[in-house]
Colleague: 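Just passing along the structure, written as structure tokens.
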Amino acid sequence: DLPCELHSWRQMAEYSPEMRQFACILHLYHIKAYDYLRKIFPLPHPYSLTKQVFICSFIIWLSNSEAAAGFSNDIFFRLQEKLERGERAYSYCALMVQDLSLQKHQEWDLQTQRLTGFVDLGAGLLDADEAPLASEAIILMAVGISSPWTAPLGYFFVNSTTGPLLAQLLRQTIHKLNNIGVTVLAVTSGTTARGAETARALGIRTDPERIQCTFQHPPGSAHSITYFFDICHALQLIRNALQYFQKIEWLGDTVQWQHVVELAALREQRVLEPCSPKSARHGSEQSYHLKVNLATPLFSEGVADALEHLQNLGLASFQNCSGTVKFVRLMSHLCDVFHGTGPYRRGLKGPLTAGNYTKISHLFNEAKSFFVTLMDSMGKLIIKSKRKLGFMSFLLNAESLKWFYTNYVCTEGAPSHHLLTYAFSLDPLEKFLRALQQACGSSGNPTCTAFQAAYHKLLASCSLLPGSPHSSGPGNTSTSDIFLSRRRDLTLGSIRAQYNPARGRTLSTKYLYGAGLLLRGSALSNALTDLSLHAESITCTAGFIAEQVASELQCEACLASLFEADESRLRCGSVLYIKKLGGVSLPSASVYHITNISEQVLNRYGKVGDGNKSTKVWQLSLEQKVFEEILGGSPLFPTLTNHLFDGELCVNNHYTVLVKQITQRYLNIRTNHAKHLNFKYHCRRHKLKKLKGKHLFPSPLGGCQSSQTHVGS
């Protein structure tokens with residue numbers, strides 16, 4: 001389909017669609033071959049600028065309106081408008097790239113009357129019998145450096161992704177952003193073999209002895225761009241390396257994977273309290289239980305503190321774990337530095353500023369001396385093994401962050417004098433991709449047609465406003481929640497599931513009814529006349545709900561806030577000491593308060609199980625009334641005060657999510673299950689009469705002090 005006569009290639013305006021496809025694809029896939037053919041055919045220079053309509057021909061050809069493959073012209077136009085209005089926050093950005101697997105599928109487009117599902121790099125679908133079906137979509141996104149705005153820049157359908165191809169797309173994107181006045185300061189890719197190949201194609205070197213963390217664009221120019229690997233991917237690789245080697249030696253200490261496995265597999269144990277005759281008496285219904293917080297990330301202070309605590313308790317499985325504690329704590333500090341999402345956080349978790357740069361620089365030096373000396377059981381350096389990529393990624397990111405601070409944070413006229421490092425992770429792009437997959441309407445890999453329809457939908461709602469949920473598509477998921485979700489495979493819970501696939505025992509709602517510990521009627525006068533049993537019933541139900549919510553939570557701090565814990569045992573990390581009764585954990589004061597308010601609302605607004613009031617609208621109205629009652633009351637979840645500043649400041653934070661989940665679950669239990677179970681009150685009374693005179697469920701509003709304890713079976 002291509003003309004062989006040289007005069008047919010002379011002017012850009014005469015280039016046919018076939019010529020454009022040939023030039024774009026050849027340049028993206030093999031720049032050396034393109035440079036060679038330019039000596040024979042007058043192909044356009046990739047970065048040649050003219051005053052004609054065709055400005056920088058490649059970028060024009062790879063750009064499209066609406067939501068077709070290629071660069072999204074509308075997004076670039078809106079970014080340019082913001083810069084022309086003097087909004088400096090859009091002058092600098094980080095660029096990130098990620099691929100998404102597609103379902104190979106050929107479809108007929110009724111609108112265009114053409115087959116779809118083939119490779120498309122923005123210059124049009126390939127139209128030939130040999131045209132390959134697309135198997136991946138490459139998505140590019142810009143993220144603000146001094147302001148948390150995000151902009152999906154475009155996508156490309158390919159049948160195989162290579163490092164050189166990604167490098168060329170990145171350079172084209174950087175050039176197109178430069179044309180509208182946006183300066184790219186950093187690039188982030190996945191910590192994969194493909195990401196490493198992309199870095200090498202751009203001129204990045206990851207050898208610890210001669211790290212090169214920047215590349216020039218255009219090549220040979222004075223403008224340098226720093227390169228980052230995604231931290232979440234790097235953590236997964238380091239976890240895999242630790243599990244693979246089992247033991248890692250460094251400077252006389254030993255890091256053992258088995259310590260982490262033992263912590264994750266630690267069974268719930270009752271804690272004896274010798275100083276309390278009541279708690280020490282055999283058969284006492286009320287006691288503290290040692291329980292592992294399975295939402296705790298592997299590389300966190302919670303795991304480090306827990307290992308130290310269990311070692312101090314004298315448990316044999318955790319002796320000689322000081323090396324593991326040091327390693328986990330070091331990785332935890334590195335994670336804090338590279339995931340700065342909250343401008344109000346402090347220390348290593350806060351923004352990178354002149355006040356904490358010295359401490360962070362010392363941490364990076366410590367990490368480098370640590371990583372380069374790690375050895376396996378055979379005495380071979382990990383940094384030179386086949387499991388090196390995760391460690392090398394952290395070393396490169398450390399150099400990149402130091403370079404970025406020196407050149408763009410501490411200088412006069414800098415874009416910003418504080419830096420939120422989440423902009424150098426793939427979290428913002430992952431947030432967009434999850435919204436994209438949700439819009440596709442299926443859990444599997446989407447087809448090209450489904451992908452384009454979903455992308456068009458998200459693009460229509462993209463506002464580019466800092467902190468706006470629509471700047472990354474619909475949904476209320478925060479960047480902090482995306483980070484927690486991406487680290488789901490890096491928690492103690494995931495390790496326990498890997499070594500013990502059997503799911504833990506979960507109490508069902510039938511247990512509450514069978515034990516007579518749940519009110520059946522809506523009005524107190526119709527259910528119980530004993531106020532103590534009424535309080536006990538609500539407390540037991542609240543504890544049951546706390547356990548149900550905890551089984552689905554991914555946040556370590558939120559999970560710990562659900563239960564009444566022993567405040568005298570501090571610095572236990574992921575080890576919790578919670579009070580239990582009859583197999584049910586006692587709830588925290590906040591959980592009890594929410595369920596108590598929910599019960600009061602139920603008593604006030606009709607009978608449970610009324611056919612006219614069992615609709616979703618009525619359920620929502622009850623939830624609204626519960627929230628109205630809670631507003632203006634005493635503060636809930638006091639242990640989460642600082643935690644709420646970890647992410648973006650928004651209404652739908654972890655605080656409101658907890659209140660909503662607890663309220664919904666309590667109302668569901670009381671409205672959906674009670675009408676189906678017809679237990680007699682006297683049956684419950686018979687089961688509970690032996691508790692008369694005992695404060696079986698002490699008010700969670702009161703603290704229960706304990707002295708020195710030891711773990712008992």
Side-chain angles (χ1 to χ4, degrees), residues 191 206 208 211 228-261 263-264 296-311 318 320-340 345-350 352 356-376 381-385 387-402 421 424-425 483 487 490-492 495 556 571 573-574:
T191 313
T206 58
I211 290 181
F228 289 88
F229 285 113
D230 180 59
I231 287 298
C232 195
H233 288 167
L235 288 174
Q236 184 69 57
L237 293 179
I238 292 177
R239 176 208 184 277
N240 294 345
L242 183 56
Q243 186 175 19
Y244 174 80
F245 291 113
Q246 290 293 310
K247 292 184 180 181
I248 295 179
E249 309 288 340
W250 70 287
L251 301 179
D253 273 319
T254 303
V255 183
Q256 296 188 47
W257 172 253
Q258 190 60 28
H259 289 146
V260 179
V261 175
L263 174 61
T296 308
L298 167 59
F299 301 116
S300 66
E301 282 288 334
V303 169
D305 290 343
L307 291 174
E308 285 185 328
H309 176 69
L310 295 174
Q311 182 183 31
F318 302 97
N320 303 318
C321 66
S322 59
T324 308
V325 170
K326 291 179 183 178
F327 178 77
V328 170
R329 187 160 282 143
L330 173 64
M331 295 304 305
S332 172
H333 293 165
L334 290 174
C335 291
D336 291 341
V337 172
F338 286 111
H339 190 249
R345 303 174 84 181
R346 295 291 181 266
L348 296 178
K349 295 183 179 182
L352 177 61
N356 61 7
Y357 175 74
T358 301
K359 186 176 182 179
I360 291 175
S361 181
H362 288 324
L363 175 65
F364 287 164
N365 292 335
E366 179 187 359
K368 183 174 183 178
S369 63
F370 186 94
F371 290 164
V372 297
T373 57
L374 290 175
M375 294 184 296
D376 62 14
L381 290 174
I382 304 296
I383 205 70
K384 294 185 178 180
S385 71
R387 301 286 179 176
K388 62 184 178 182
L389 183 55
F391 299 100
M392 292 174 62
S393 299
F394 267 97
L395 294 180
L396 176 72
N397 286 7
E399 292 297 323
S400 294
L401 195 59
K402 290 193 293 185
T421 53
F424 303 133
S425 73
F483 183 68
R487 292 206 297 176
L490 291 165
T491 61
L492 294 179
I495 297 173
E556 173 189 9
R571 297 286 296 177
S574 60

Colleague: Write down the atom of Leu490, the atom of Cys232, and the distance for their closest heavy-atom approach.
Modeller: CD1-O, 4.3 Å
Colleague: Within the 4.5 Å heavy-atom criterion, are His333 and Phe299 side-chain neighbours or not?
Modeller: no
Colleague: Measure the shortest side-chain to side-chain distance between Phe394 and Leu235 over non-hydrogen atoms and say whether it is less than 4.5 angstrom.
Modeller: yes
Colleague: Return the CD1 to CZ distance between Ile382 and Phe245, rounded to the nearest 0.5 Å.
Modeller: 3.5 Å
Colleague: How close do Val328 and Leu298 get, counting heavy atoms only, and between which atoms?
Modeller: CG1-O, 3.5 Å
Colleague: Please tell me if the side chains of Asn365 and Ser369 come closer than 4.5 Å, counting only heavy atoms from C-beta onward.
Modeller: no
Colleague: Using 0.5 Å steps for rounding, measure from the CE atom of Met392 to the CG atom of Leu395.
Modeller: 8.0 Å
Colleague: Looking only at heavy atoms, what is the nearest atom pair of Ile383 and Pro208, with distance?
Modeller: CG1-CG, 3.7 Å
Colleague: Calculate, to the nearest 0.5 Å, the distance between atoms CD and CG belonging to Gln243 and Asn240 respectively.
Modeller: 6.5 Å
Colleague: Tell me, please, which residues at least two apart from Glu249 pass salt bridge (charged side-chain N to carboxylate O under 4.0 Å, His left out).
Modeller: none
Colleague: Suppose we screen for side-chain hydrogen bond (donor to acceptor under 3.5 Å, both in side chains). Which residues come up paired with Gln246, at least two apart in sequence or across chains?
Modeller: none
Colleague: Supply the atom-to-atom distance Leu363 CG to Thr358 OG1, rounded to the nearest 0.5 angstrom.
Modeller: 12.5 Å
Colleague: When you compare the side chain of Phe370 with that of Asp253, does any pair of heavy atoms fall below 4.5 Å?
Modeller: no
Colleague: Run the numbers on Ile238 and Phe327 for side chain to side chain contact (heavy atoms under 4.5 Å, CB included), then give the verdict.
Modeller: CA-CA 11 Å; Ile238 292 177; Phe327 178 77; 3.9 Å; yes
Colleague: Looking only at heavy atoms, which two atoms of Ser574 and Leu492 are closest? And how far apart?
Modeller: OG-CD1, 3.7 Å
Colleague: So Leu237 and Lys388, do their side chains get closer than 4.5 Å, heavy atoms only?
Modeller: no
Colleague: Decide yes or no for Arg239 and Leu242: does some side-chain heavy atom of the first lie under 4.5 Å from some side-chain heavy atom of the second?
Modeller: no
Colleague: Apply side chain to side chain contact (heavy atoms under 4.5 Å, CB included) to the pair Lys402 and Tyr357, showing each step before the final yes or no.
Modeller: CA-CA 9 Å; Lys402 290 193 293 185; Tyr357 175 74; 3.7 Å; yes
Colleague: Just verifying a value: how many Å separate Phe391 CZ and Lys368 NZ, rounded to the nearest 0.5 Å?
Modeller: 16.0 Å
Colleague: Within the distance-only criterion (no hydrogens, no angle test), does the side chain of Ser300 pair as donor or acceptor with the backbone N or O of Ser332 below 3.5 angstrom?
Modeller: no
Colleague: Which class fits the ring pair Phe424 and Phe228: parallel under 30°, tilted 30 to 60°, perpendicular over 60°?
Modeller: parallel
Colleague: Please give me the minimum heavy-atom distance between Ser393 and Ala234, naming the atom from each residue.
Modeller: CB-CB, 4.0 Å
Colleague: Tell me the closest heavy-atom pair linking Thr421 and Leu401, and the distance in Å.
Modeller: CG2-CD1, 3.9 Å
Colleague: Given the rule in the side chain to side chain contact (heavy atoms under 4.5 Å, CB included) test, do Phe318 and Val325 qualify, once you have shown the distances and angles that lead to the verdict?
Modeller: CA-CA 10 Å; Phe318 302 97; Val325 170; over 6 Å; no
Colleague: Side chain to side chain contact (heavy atoms under 4.5 Å, CB included) between Leu381 and Val372: does it pass, once the steps are laid out?
Modeller: CA-CA 7 Å; Leu381 290 174; Val372 297; over 6 Å; no
Colleague: Are the side chain of Thr254 and the backbone N or O of Gly323 linked by a donor-acceptor pair below 3.5 Å?
Modeller: no
Colleague: Can you check whether Pro297 reaches Glu556 side chain to side chain, under 4.5 Å on heavy atoms?
Modeller: yes
Colleague: Could you measure the distance from the CG atom of Leu307 to the NZ atom of Lys326? Nearest 0.5 Å is fine.
Modeller: 14.0 Å
Colleague: Working note: Phe364 + Phe338, criterion ring-ring contact (aromatic ring centres under 6.0 Å, His included); need CA distance, chi angles, decisive distance, verdict.
Modeller: CA-CA 11 Å; Phe364 287 164; Phe338 286 111; 5.6 Å; yes
